[in-house]
2 protein chains.
Amino acid sequence: MAETKKNPTGGMHDCTNLALRKASRTITQMYDQALAPCGLKITQFPILVTAARQGPLPVARMAEELVMDRTTLSRNLKPLVRESWVEMIPGKDQRERLIKITDQGKEVLDAALPLWRQAQTDVHTALGDTVWQRLMNDLNKVTESAPI
Amino acid sequence: MAETKKNPTGGMHDCTNLALRKASRTITQMYDQALAPCGLKITQFPILVTAARQGPLPVARMAEELVMDRTTLSRNLKPLVRESWVEMIPGKDQRERLIKITDQGKEVLDAALPLWRQAQTDVHTALGDTVWQRLMNDLNKVTESAPI
DNA sequence: TCTTAATAGATGTATATACACTATTATTTA
DNA sequence: TAAATAATAGTGTATATACATCTATTAAGA
């Protein structure tokens with residue numbers, strides 16, 4: 001009751017979104033710093049990995065895979081194409097354009113992998129195995145809670 | 001061993017950053033949808049709340065409070081100033097500019113609060129109390145694990 | 001078949017994010 | 001006090017994010 005008067009604006013510190021964004025900003029900077037030597041950003045890493053593993057994929061399908069907006073992925077591909085890390089090739093369906101990793105893309109990915117693994121290890125160590133595992137599980141629950 | 005051959009690129013699905021960004025994108029869209037009727041975005045909400053609660057604050061101090069880059073906050077303030085939800089007033093130290101909420105800002109914040117609370121409740125319900133509490137704790141740990 | 005729907009991708013516009021750098025003012029030090 | 005250094009905020013540039021809308025192509029329906 002007294003708490004209500006002292007906190008007329010509500011507990012912003014309980015905001016799920018703020019907590020997620022703060023953690024995202026923090027971790028993104030860590031990973032970007034780790035990846036800096038290879039010239040790849042952590043936001044570009046999953047795109048290259050997916051292109052390498054799932055073969056040439058249409059934009060919409062990779063967007064779904066990475067839980068991102070189609071148009072966001074469309075924009076995010078531009079730097080990768082400019083650097084010749086991926087190329088867009090036509091599909092059977094002429095509306096589709098498939099994202100295909102290039103040889104240069106594979107090279108930069110090879111260079112990125114040990115740096116990424118080190119960042120993974122650093123975070124894992126900082127949080128401890130229990131917390132890290134639990135966090136990854138819970139984050140997946142959040143993502144899956146989307147109304148789709 | 002066989003696992004290594006099947007996963008030559010490593011387990012991207014274990015990437016802490018990707019998990020955080022996917023969850024962030026999902027939750028941000030949920031909150032933005034909930035807040036849409038009041039014209040405020042969820043990224044702007046904590047700025048207004050902090051301005052309302054901590055009184056006029058210098059840019060650097062609020063940035064620290066919200067765990068964001070100074071220059072990011074500087075840019076994010078522009079739409080709020082344009083909408084006259086906050087104003088920048090000079091401090092005693094003439095280098096400083098203080099972020100001060102306006103009466104219009106208080107109004108939009110009042111309109112935003114019940115919408116935000118509903119979004120909070122929705123997320124809380126979707127995850128369940130146990131998971132939600134634990135997630136918030138773990139996210140704070142991540143944010144605090146920053147090298148500062 | 002011809003018209004209409006749905007689908008795939010890109011663009012216009014706006015905001016979010018952060019590094020490198022600049023300008024201005026305050027503080028410290030020689 | 002003058003010069004060097006700190007601190008404060010803003011800009012240039014680049015990428016990330018997503019809604020609304022557009023174009024082109026395919027699929028469905030009358």
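The chains referred to below are lettered A, B, ... by the order of the sequence lines, with proteins before strands, and numbering in each begins at 1.
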If you define the side chain from C-beta out and look only at heavy atoms, does anything of [X] sit under 4.5 Å from [Y]?
{"X": "Lys106(B)", "Y": "Leu109(B)", "result": "no"}
{"X": "Leu115(A)", "Y": "Tyr31(A)", "result": "no"}
{"X": "Leu20(B)", "Y": "Leu139(B)", "result": "yes"}

| task | Could you tell me whether the phosphate oxygens of dA16(C), OP1 or OP2, come under 4.0 Å of any side-chain nitrogen or oxygen in Thr43(B)? | result | yes
| Distance check: side-chain N/O of Arg21(A) vs OP1/OP2 of dT17(C), anything under 4.0 Å? |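 Answer is yes, contact under 4.0 Å.
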[atom1] of [X] versus [atom2] of [N]: gap in Å, rounded?
{"X": "Asn17(A)", "N": "dT17(D)", "atom1": "CG", "atom2": "P", "answer": "14 Å"}
{"X": "Arg25(A)", "N": "dT15(D)", "atom1": "CZ", "atom2": "C1'", "answer": "16 Å"}
{"X": "Gln29(A)", "N": "dA16(C)", "atom1": "CD", "atom2": "P", "answer": "17 Å"}
{"X": "Lys22(A)", "N": "dT17(C)", "atom1": "NZ", "atom2": "P", "answer": "13 Å"}
{"X": "Lys41(A)", "N": "dC19(C)", "atom1": "NZ", "atom2": "C1'", "answer": "8 Å"}
{"X": "Gln44(B)", "N": "dA14(C)", "atom1": "CD", "atom2": "C1'", "answer": "11 Å"}
{"X": "Leu40(B)", "N": "dA14(C)", "atom1": "CG", "atom2": "P", "answer": "18 Å"}
{"X": "Ile42(B)", "N": "dT17(D)", "atom1": "CD1", "atom2": "C1'", "answer": "15 Å"}

| Can you list, by residue number, the residues of residues 65-82 of chain A that have a non-hydrogen atom closer than 4.0 angstrom to DNA chain D? | Met68(A), Asp69(A), Thr71(A), Thr72(A), Arg75(A), Asn76(A), Pro79(A), Arg82(A)
Table of protein N/O atoms under 3.5 Å from nucleotides 26-29 of chain D N/O atoms:
{"from": "dT26(D)", "atom 1": "OP1", "to": "Gln94(A)", "atom 2": "N", "distance (Å)": "3.2"}

So, [X] and [Y]: side-chain donor and acceptor under 3.5 Å apart, yes or no?
{"X": "Asn137(A)", "Y": "Gln133(A)", "answer": "no"}
{"X": "Ser24(A)", "Y": "Ser24(B)", "answer": "yes"}
{"X": "Thr28(A)", "Y": "Arg21(B)", "answer": "yes"}
{"X": "Gln118(A)", "Y": "Asp122(A)", "answer": "yes"}

| request: Can you see which heavy atom on Lys41(B) is nearest to which on Leu35(B), and at what distance? | output: C-CD1, 3.9 Å
| said: Looking at Thr50(B) and Pro46(B), would you say the former's side chain and the latter's main chain have a donor-acceptor pair under 3.5 Å? | reply: yes
| query | Under a 3.5 Å cutoff on both atom distances, Watson-Crick or G-U, what's the dot-bracket for DNA chain C ([ ] crossing, | other strand)? | reply | ||||.|||||||||||||||||||.|||||
| field | Given DNA chain C, 5'-ward residue of the pair Ser24(A) and Arg61(A), judged by closest heavy atom | value | Arg61(A)
| field | With sequence neighbours excluded, residues passing side-chain hydrogen bond (donor to acceptor under 3.5 Å, both in side chains) with Asp93(B) | value |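 Counting only residues at least two positions away or on another chain, Asp93(B) forms a side-chain hydrogen bond (donor to acceptor under 3.5 Å, both in side chains) with Arg95(B).
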| field | side-chain contact (heavy atoms from CB on, under 4.5 Å) partners of Val108(B), counting only residues at least two apart | value |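 So Val108(B) forms a side-chain contact (heavy atoms from CB on, under 4.5 Å) with Leu48(B), Trp85(B).
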| task | With syn defined as a glycosidic angle within 90° of 0 and anti as everything else, classify dA20(D). | result |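 With its glycosidic angle more than 90° from zero, dA20(D) counts as anti.
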| dA8(C): syn or anti, with syn meaning chi within 90° of zero? | anti
| query | salt bridge (Lys or Arg N to Asp or Glu O under 4.0 Å): which pairs involve residues 59-72 of chain A, sequence neighbours left out? | reply |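 Those involving residues 59-72 of chain A do not exist here.
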